[in-house]
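The structure appears right after this line, and notes come after that.
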Amino acid sequence: MAGWQLHRTYDSPSGTVRWDRLGPKDGEPVVLMHGTPFSSYVWQEIARALAARRYQVFVWDMPGYGASEKFSGQDVSLAAQGELFGGLLQHWGLSRPSVVAHDFGGCVSLRAHLLHGAEYRRLALVDPVALAPWGSPFFRLVGENTEVFEQLPPPLHRALVREYIASASHRGLRPGTADALLLPWSDETGQAAFYRQIAQADQRFTDEIQGLYPQITVPVTVCWGEQDTWIPAAKAHELAALIPGARLRLIPDAGHLVPLDAPAQLLAELLGFLTTTG
């Protein structure tokens, strides 16, 4: 994907995970987590910038996404991803990394922490799926009619996914970036995987943990694109108020895809958060 490749693998119960590590091995570990329908590609600029600042950066594609394995009957639910992430941290030998999580990755990181004992040094939540209700009208429409959408002719499917992905950006995606985000969903396997992950999305996976947010004791920052049309910025205030001591940072002129809309601004917020004492 436009020069972004994950060279390492991890065999998980939900399929082979592609992952990689950037930066010095003795650097402070930071894990970057993507959302849906995206991949680790959304973090490429920030991952490289953090690595250049001597952080040890871990990136991965969730099973069913990006370059990771996709297959019929695969469990790609938020419940499965949260449990898997705990195992992946053990595979990496990380006990208390800092975690930066976008969109669905936010729920995955929260479930791993609150339900599966994953410990973090710090947690940055970037436009996360964390509070009910969630799911755009398009997302709900597809979820209720998955079998119909699975039968779309490939060109129509690709056009639909391209427009859907583009709607997550406020500033507009460069053609090459849009192509890279679309690529994992473009072939027959990817088309089935795209609708599979929507079909398995269920609000109960955030409902199960929403009442536990006041129990979070690790430092948390909530970053949100002010022009997010997928999950309105009002949710940022609501989430920050539920987590003790959480700080809130709104990113101007950015939509849901903050890592691509405003990488420099988001990087500055993350660096400030990662270096804060206490």
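Heads up: numbering here begins at 1 and tracks the sequence. The figures here come from the full heavy-atom set of this structure, side chains too, leaving out hydrogens, waters and symmetry mates.
- Although no hydrogens or angles enter the test, the distance criterion places no donor-acceptor pair under 3.5 Å between the side chain of Gln81 and the main chain of Val108.
- Val76 and Val42 fall into different hydrophobic clusters, where Ile, Leu, Val, Met, Phe, Trp and Tyr are joined by side-chain heavy atoms under 4.5 Å apart, directly or via other members.
- A salt bridge links Asp26 with Arg54: the distance from a Lys NZ or Arg NE/NH1/NH2 to an Asp or Glu carboxylate oxygen falls below 4.0 Å.
- Summarising the geometry of Trp185 relative to Pro37, their closest heavy-atom pair is NE1-O, 2.8 Å, with the distance given to 0.1 Å.
- Taking the six-membered ring where tryptophan is involved, the planes of Phe138 and Tyr164 are tilted, since the angle between them lies from 30° to 60°.
- Rounding to the nearest 0.5 angstrom, the gap separating the CG atom in Asp127 from the CD1 atom in Ile231 is 6.5 Å.
- When every heavy atom of Gly15 is checked against every heavy atom of Glu69, the shortest pair comes out as CA-OE1, 3.4 Å.
- Arg171 has its side chain out of reach of Leu260: every pair of non-hydrogen atoms, C-beta onward, lies at least 4.5 Å apart.
- One hydrophobic cluster, built from ILVMFWY side chains closer than 4.5 Å, cannot hold both Val148 and Leu152; they sit in different ones.
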Yes or no on side-chain hydrogen bond (donor to acceptor under 3.5 Å, both in side chains) for Ser14 and Asp75, after CA distance, side-chain angles and deciding distance?
CA-CA 6 Å; Ser14 293; Asp75 187 351; 5.2 Å; no

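- Looking at Trp43, its side chain does come within 3.5 Å of a backbone N or O of Met33 through a donor-acceptor pair.
- A donor-acceptor pair under 3.5 Å links the side-chain atoms of Gln197 to the main chain of Phe194, judged by distance alone.
- Side chain of His34 to main chain of Tyr41: no donor-acceptor pair is present (N/O by atom type, distance under 3.5 Å, no hydrogens or angles).
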Does the pair Phe205 and Trp134 meet the rule for a ring-ring contact (aromatic ring centres under 6.0 Å, His included), with working shown?
CA-CA 11 Å; Phe205 297 128; Trp134 52 265; 8.6 Å; no

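- A donor-acceptor contact shorter than 3.5 Å is absent between the side chain of Glu226 and the backbone of Asp253.
- A distance of 11.5 Å separates CD in Gln265 from SG in Cys223, rounded to the nearest 0.5 Å.
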Does the side chain to side chain contact (heavy atoms under 4.5 Å, CB included) test come out yes or no for Leu88 and Val31, once each step is laid out?
CA-CA 11 Å; Leu88 186 57; Val31 180; over 6 Å; no

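- Ring planes of Tyr120 and Phe85: tilted class, angle from 30 to 60°.
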What verdict does the side chain to side chain contact (heavy atoms under 4.5 Å, CB included) test give for Leu110 and Thr206, after you've listed the backbone C-alpha separation in whole Å, the side-chain angles of each residue and the deciding distance to 0.1 Å?
CA-CA 9 Å; Leu110 288 164; Thr206 54; over 6 Å; no

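- Residues His237 and Trp224 form no side-chain contact, since every pair of their non-hydrogen atoms from C-beta on lies 4.5 Å or further apart.
- Arg196 places a side-chain N or O within donor-acceptor distance of the main-chain N or O of Phe71, the cut-off being under 3.5 Å.
- Between Leu78 and Cys107, the shortest heavy-atom distance links the atoms CD1-SG, 3.9 Å.
- Linking Ile, Leu, Val, Met, Phe, Trp and Tyr residues whenever their side-chain heavy atoms come within less than 4.5 Å places Phe149 and Leu156 in a single cluster.
- Between the OG1 atom of Thr9 and the CG atom of Asp20 there is a distance of 10.5 Å, given to the nearest 0.5 Å.
- Going from atom CD of Gln56 over to atom CG of Leu50 covers 12.0 Å, rounded to the nearest 0.5 Å.
- In this structure, the side chain of Ser68 does not engage the main chain of Gly64 through any donor-acceptor pair within 3.5 Å.
- What you find for Pro214 and Pro244 is that their closest heavy atoms are O-CG, 3.2 Å.
- The environment of Arg174 atom CZ is sparse: at most 12 non-hydrogen atoms of other residues, nucleotides or ligands sit within 6.0 angstrom.
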Side chain to side chain contact (heavy atoms under 4.5 Å, CB included) between Val100 and Phe273, intermediate numbers included
CA-CA 11 Å; Val100 181; Phe273 179 58; over 6 Å; no

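- The side chain to side chain donor-acceptor pair (under 3.5 Å) search around Thr221 returns Arg247, not counting sequence neighbours.
- Inter-residue side-chain proximity for Leu270 and Val30 is flagged as unmet; no heavy-atom pair is nearer than 4.5 Å.
- Here the rule is side chain to side chain donor-acceptor pair (under 3.5 Å) with Ser40, and of Trp60, Trp4, Tyr65 only Trp4 fits it.
- Within the model, atoms CZ of Arg18 and CG of Leu6 stand 7.0 Å from one another, a figure rounded to the nearest 0.5 Å.
- In terms of modelled atom types and a separation under 3.5 Å, the side chain of Ser169 and the main chain of Ala166 share no donor-acceptor contact.
- Within the model, atoms CD1 of Ile198 and OG1 of Thr36 stand 6.5 Å from one another, a figure rounded to the nearest 0.5 Å.
- The hydrophobic clustering, which links ILVMFWY residues whose side-chain heavy atoms are closer than 4.5 Å, places Ile209 and Val126 together.
- Using cut-offs of 30° and 60° on the angle between ring planes, the pair Phe38 and His256 is tilted.
- When atom types are taken as modelled, the side chain of Asp228 and the backbone of Trp230 share a donor-acceptor pair closer than 3.5 angstrom.
- Considering only heavy atoms from C-beta on, Leu267 stays 4.5 Å or farther from Pro263 through its side chain.
- Taking each heavy atom of Pro63 and Gln74 in turn, the nearest pair found is CB-NE2, 3.6 Å.
- Contact of the Ile243 side chain with the Leu123 side chain is not registered, since no non-hydrogen atoms from C-beta on lie closer than 4.5 Å.
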Pairs under 3.5 angstrom only: tabulate donor-acceptor contacts from the side chains of residues 89-98 to other protein residues two or more places apart or in another chain.
none

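- In terms of heavy atoms, Ile216 sits closest to Val220 at CG2-CG2, 3.9 Å.
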Decide yes or no on side chain to side chain contact (heavy atoms under 4.5 Å, CB included) for Val17 and Arg8, but give the supporting numbers first.
CA-CA 8 Å; Val17 171; Arg8 308 168 194 242; over 6 Å; no

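- Between the side chain of Thr146 and the main chain of Val142, a donor-acceptor pair closer than 3.5 Å is present.
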